[in-house]
Every structure is written in structure tokens, then in C-alpha cells.
Amino acid sequence: MTDLSNAYDTSTAPATEEKPFTAKLVREAWDRGMKATSHERQTATLNQCFMLNQHWNYWNKASGRLEELPRNPDRVRATVAKIGPDSDRILAKLTSRPLVWEVQPNSADDSAIQASRVAEAGIAETAREQNWEELRYEHAHVAWTAGVGAIAVEWDDSVGTTIGVTEDGREIKTGDVKLTVLSIHEIALEPGTRDARKARWWVSGVAMPSETVKADFDLSKVPAADARSVDSVWRLQDMSRTADIPMTMVFTYYERPFNGRPGRVATIIDNEIVREGPWPFPFSDRLNLALCKVKPIHGKWFGHTPVTDAVPVQTAFNASWSSIIEHMKQAGNARLWVPYGTVEDIEDLSDLSGEAVPYNPIN
């Protein structure tokens, strides 16, 4: 009988060395995450066009982008907007009431109650300064369009009170929390992730003007305009309006602490790591990402939106009205040919359908 006692003995097996952290690994993680949600992002892009009342578009699988249907001047192409106005009414009702913050006191004594009121005032002031009401509407709009919307909780060390100066003259500030609304086009998670907040890492990919990227990250040169070379929202949507604006992709990699790893945050621009540091948040059991799903899908970190179901109905509605208008046009131009002299006062006839048009019966 074959001896299998050492089949699972790994004491003599070489230890697996961890790969060094590079910008290439972040780009590969971004590509894997984008590939896992390609269908959902295509659907979200088409939904956004319909919400903007741009209905005569379709997804070209051959070119991998959204394109407009070819125009024919002889055919009627009616757009009877339903999805856009109805979505505006839904979002308006959803965000009609102002945000209210309540901090529960730890105990019933006066000092705890006073502390909770101070905390509520502090949150209200931060919400006013950072305009959280506008962020809420943008977040709701993104979630309604794609079925899922995200808010990234980041730490901005460039704001606040100055508490020191570095050797190179850069001011050290107290910093503050910064909230950023992200769509499904700007989020890459580990493929197969069920709960986005419990994932090990995530990558945000945001397209920004190249000159702005150079100034914000204090780069020595203007980075390459590589926003079109990746599968992002800038490639999925119509590029005609942004064709002359150089855009650079800014990737931010977040890895929370787990299994003894300290966690990290890194910013990648033009295939180079321009900033890197440890995990800056006091929590380690979740990522700095808050998601909202319109209709959850079991086992998926993203959701479903009724806008996707309404797009085929809106398409059929537009096609029906286009056909009706074409028939009305044909019926409005219908005429009856009669010989000269059979109709009196021919010049008094109008353009109504079915009226007579005289002709010479000899020719």
C-alpha cells in the first residue's frame, strides 16, 4: 500500500514569499475588479443616458462602448421622456427632508447629555461646511442609476489648523474627514466579494484633469493623460465633450489590517506610487467604504435598480410614438387625384388628408 504519511507534510516546503507592493499590482487589482462588474457598469451607463433623456443609444459589444443609433432623416425618432422626470420626482421626495443628527448620551447625568449635544452640534457644523446635503443627493442619484452607490470616507491632511512645519517647509495640519461619492465605475473590489465593507482591499479610480493632479499631488511634471486607456466611466460615456481635456487616472489603494498585516493606503499616478502610508483609521474590521443598494442581490456587493427594468419599456414607448407620428405624416399628405374642372374653387382647399388634387386627364 502506498505510504501517504508525508503527503501533507509542509515542513520542508519552501515558504511562499510575499510579492513586493508595486503600482503594477494595484493596476492588476483594478483590472480584475473592473472585469468582474463589466455587465453592471454597462447597464449603469445606459441607464444614465436614459435618465438624461438621451434614449437613442445602444451598447456596441464589438467596440465595447456606448454608441448612438445611426440617424435617418426620412424616419421619425421621437423621444417621450418618462424615466428622467419620474426619477427626478423620486429623488426629490427621497431627499426632501433635511439630515438630522442625534448622538445618544452614555448615561442620564447632565454631563453626558451636554456632551451628546456638543457632539450633535459638531456633526451639524461639519455637515454644513462639507455640504453633506448635496453629497446625499448625489449619492442617491448614483445609487438610483446603477443600483449601488458608495461614499468613501477618507482623511484629508491638507485642511484644519496648522500644528507644525516639516523640514521642507510643508505645513502640518490637524486634518479632517472627507467624504467622496463614487459610482460603480470608480470602485474595484476583490472579485466574488459578498460584503464590500468586509473585503480585504478596494481601489478607487477617479479621472481628474492632468494639471489638477500635478498641483494636488505636488508632482514634478504633468502626468500622462491615461484616462481613456482604462475601462472607466470616461471611456464608457460619450467622449465628444471631453475629447480636448487631458484626464489622468488617480488610483487609491486601501487595504485594511488583517491576519497581522498592518494595512496601507497608497496613491498611484502614471504607474508610479506617489504616496504611501499606514492604515489611518481607528477601525480595522471594515473598509472605509459605505454602500447603498436600491434592491439587494443575494451574494453580490452591488444591487439592482428599477431603472434597468424601465429602459426596455421606454424604448418601446419611443418606438410606438415614432411609428404613430410617421403614420400621421403619411395620412396628412394623402390626396385624391381628380380631373381639372370637376372641383370648383380648388384654391380654397386646405392641407387636410383626403382632399382632391386636380390633374390633366389627357396627359
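Values reported hereafter were calculated over all heavy atoms of this structure, with side chains retained and with hydrogens, waters and symmetry mates removed.
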(message) Can a donor-acceptor pair be found, under 3.5 Å and without considering hydrogens, that links the side chain of Arg77 to the backbone of Leu69?
(response) yes
(message) When you group the ILVMFWY residues by side-chain heavy-atom contacts below 4.5 Å and let the links chain together, are Val222 and Met208 in the same group?
(response) no
(message) For Arg32 versus Pro191, what's the shortest heavy-atom pair and its separation?
(response) O-CG, 3.7 Å
(request) Report the distance from atom CZ of Phe317 to atom OG of Ser322, rounding to the nearest 0.5 Å. (result) 10.5 Å
(message) Quick check on Lys173: does its NZ atom have over 12 non-hydrogen neighbours (other residues, nucleotides or ligands) under 6.0 Å away?
(response) yes
(request) Return each pair, listed once, that meets side-chain hydrogen bond (donor to acceptor under 3.5 Å, both in side chains) where at least one residue sits in residues 106-116; pairs must be two or more places apart or across chains. (result) Ser107-Asp109, Asp109-Ser111
(request) Using a 4.5 Å cut-off on heavy atoms from C-beta on, say whether the side chain of Arg197 contacts that of Leu291. (result) no
(request) Would you check if the side chain of Arg136 reaches a backbone N or O of Thr95 as a donor-acceptor pair within less than 3.5 Å? (result) yes
(message) Would you say Val177 ends up clustered with Val103 if hydrophobic residues are merged whenever their side chains have heavy atoms under 4.5 Å apart, either directly or through other cluster members?
(response) yes
(request) Check step by step if side chain to side chain contact (heavy atoms under 4.5 Å, CB included) holds for Val206 and Leu182. (result) CA-CA 9 Å; Val206 181; Leu182 299 175; 4.0 Å; yes
(request) Apply side chain to side chain contact (heavy atoms under 4.5 Å, CB included) to the pair Trp301 and Leu289, showing each step before the final yes or no. (result) CA-CA 12 Å; Trp301 66 267; Leu289 195 66; over 6 Å; no
(request) Compare all side-chain heavy atoms of Pro209 with those of Met247 and state whether any distance is below 4.5 angstrom. (result) yes
(message) Applying side chain to side chain contact (heavy atoms under 4.5 Å, CB included) to Asp176 and Gln130, what does each step give before you reach the verdict?
(response) CA-CA 10 Å; Asp176 199 356; Gln130 298 188 6; 3.6 Å; yes
(request) Ignoring hydrogens and angles, tell me if any N or O in the side chain of Asp226 forms a donor-acceptor pair with the backbone of Met249 under 3.5 Å. (result) yes
(request) Would you mind checking if Glu211 and Lys214 are paired as a salt bridge, meaning a charged N to carboxylate O distance below 4.0 Å? (result) no
(request) Take Leu135 and Ile151 through the side chain to side chain contact (heavy atoms under 4.5 Å, CB included) test and state the conclusion after the steps. (result) CA-CA 9 Å; Leu135 291 177; Ile151 293 182; 5.7 Å; no
(request) Take the angle between the ring planes of Tyr254 and Phe281 and call it parallel below 30°, perpendicular above 60°, tilted in between. (result) tilted
(request) Could you tell me whether the side chain of Gln314 and the main chain of Lys82 form a donor-acceptor pair under 3.5 Å? (result) yes
(request) Ignoring hydrogens and angles, tell me if any N or O in the side chain of Arg256 forms a donor-acceptor pair with the backbone of Ala199 under 3.5 Å. (result) yes
(request) Look up atom CD in Glu40 and atom OG1 in Thr305, then write down how far apart they are to the nearest 0.5 Å. (result) 13.0 Å
(request) Using modelled atom types only, decide if a donor and an acceptor are shared between the side chain of Glu190 and the backbone of Trp201 within a distance under 3.5 Å. (result) no
(request) Working to the nearest 0.5 Å, report the span between CD of Glu154 and NZ of Lys178. (result) 5.0 Å
(message) Count I, L, V, M, F, W, Y as connected when their side-chain heavy atoms are under 4.5 Å apart, and connections chain through other members. Are Phe283 and Phe258 then in the same cluster?
(response) no
(message) With a sphere of 6.0 Å drawn around CD of Glu272, does it hold more than 12 non-hydrogen atoms of other residues, nucleotides or ligands?
(response) no
(message) Restricting to non-hydrogen atoms, name the atom on Leu25 and the atom on Pro20 that form the minimum distance, rounded to 0.1 Å.
(response) CD1-O, 3.1 Å
(message) A quick test of your reading: do over 12 heavy atoms of other residues, nucleotides or ligands sit less than 6.0 Å from CD of Glu134?
(response) no
(request) Check for a donor-acceptor pair, side chain of Asn47 on one end and backbone N or O of Ala146 on the other, with a separation under 3.5 Å. (result) no
(message) Would you compute the distance between atom CD of Glu255 and atom CH2 of Trp202 and round it to the nearest 0.5 angstrom?
(response) 14.0 Å
(message) Quick check: is Val313 connected to Met51 through a chain of hydrophobic side chains (ILVMFWY, heavy atoms under 4.5 Å apart)?
(response) no
(request) May I ask you to decide if Asp285's main-chain N or O and Lys198's side chain share a donor-acceptor pair within less than 3.5 Å? (result) yes
(request) Can you spot which of Thr315, Asn318, Thr79 makes a side-chain hydrogen bond (donor to acceptor under 3.5 Å, both in side chains) with Trp56? (result) Thr79
(request) Give the minimum heavy-atom separation between Pro223 and Ser210, together with the two atoms involved. (result) CD-O, 3.6 Å
(request) Rounded to the nearest 0.5 Å, what's the gap from CZ on Arg286 to CG on Asn288? Could you check? (result) 10.0 Å
(request) Of all the heavy-atom pairs spanning Ala224 and Thr248, show the shortest one and how long it is. (result) O-OG1, 2.9 Å
(message) Does any part of the side chain of Lys35, heavy atoms only, come nearer than 4.5 Å to the side chain of Asp31, both counted from C-beta?
(response) no
(request) Please list all pairs passing the ring pair (Phe, Tyr, Trp, His ring centres under 6.0 Å) test where one or both residues lie in residues 105-163, with sequence neighbours left out. (result) Trp101-Trp132
(request) Look only at the side chain of Glu186 and the backbone of Ser183, and say whether a donor-acceptor pair between them is shorter than 3.5 Å. (result) yes
(request) Over all heavy atoms of both residues, which pair between Ala44 and Thr145 is shortest? Give the atoms and the distance, please. (result) O-CG2, 3.7 Å
(message) Is there a continuous path of hydrophobic side-chain contacts, each under 4.5 Å between heavy atoms, that joins Ile273 to Val203?
(response) yes
(request) Compare all side-chain heavy atoms of Lys24 with those of Arg27 and state whether any distance is below 4.5 angstrom. (result) no
(message) On a heavy-atom basis, which atom in Ile184 and which in Met34 lie closest, and how many Å separate them?
(response) O-CE, 4.1 Å
(message) Using 0.5 Å steps for rounding, measure from the OG1 atom of Thr252 to the CZ atom of Arg275.
(response) 9.5 Å
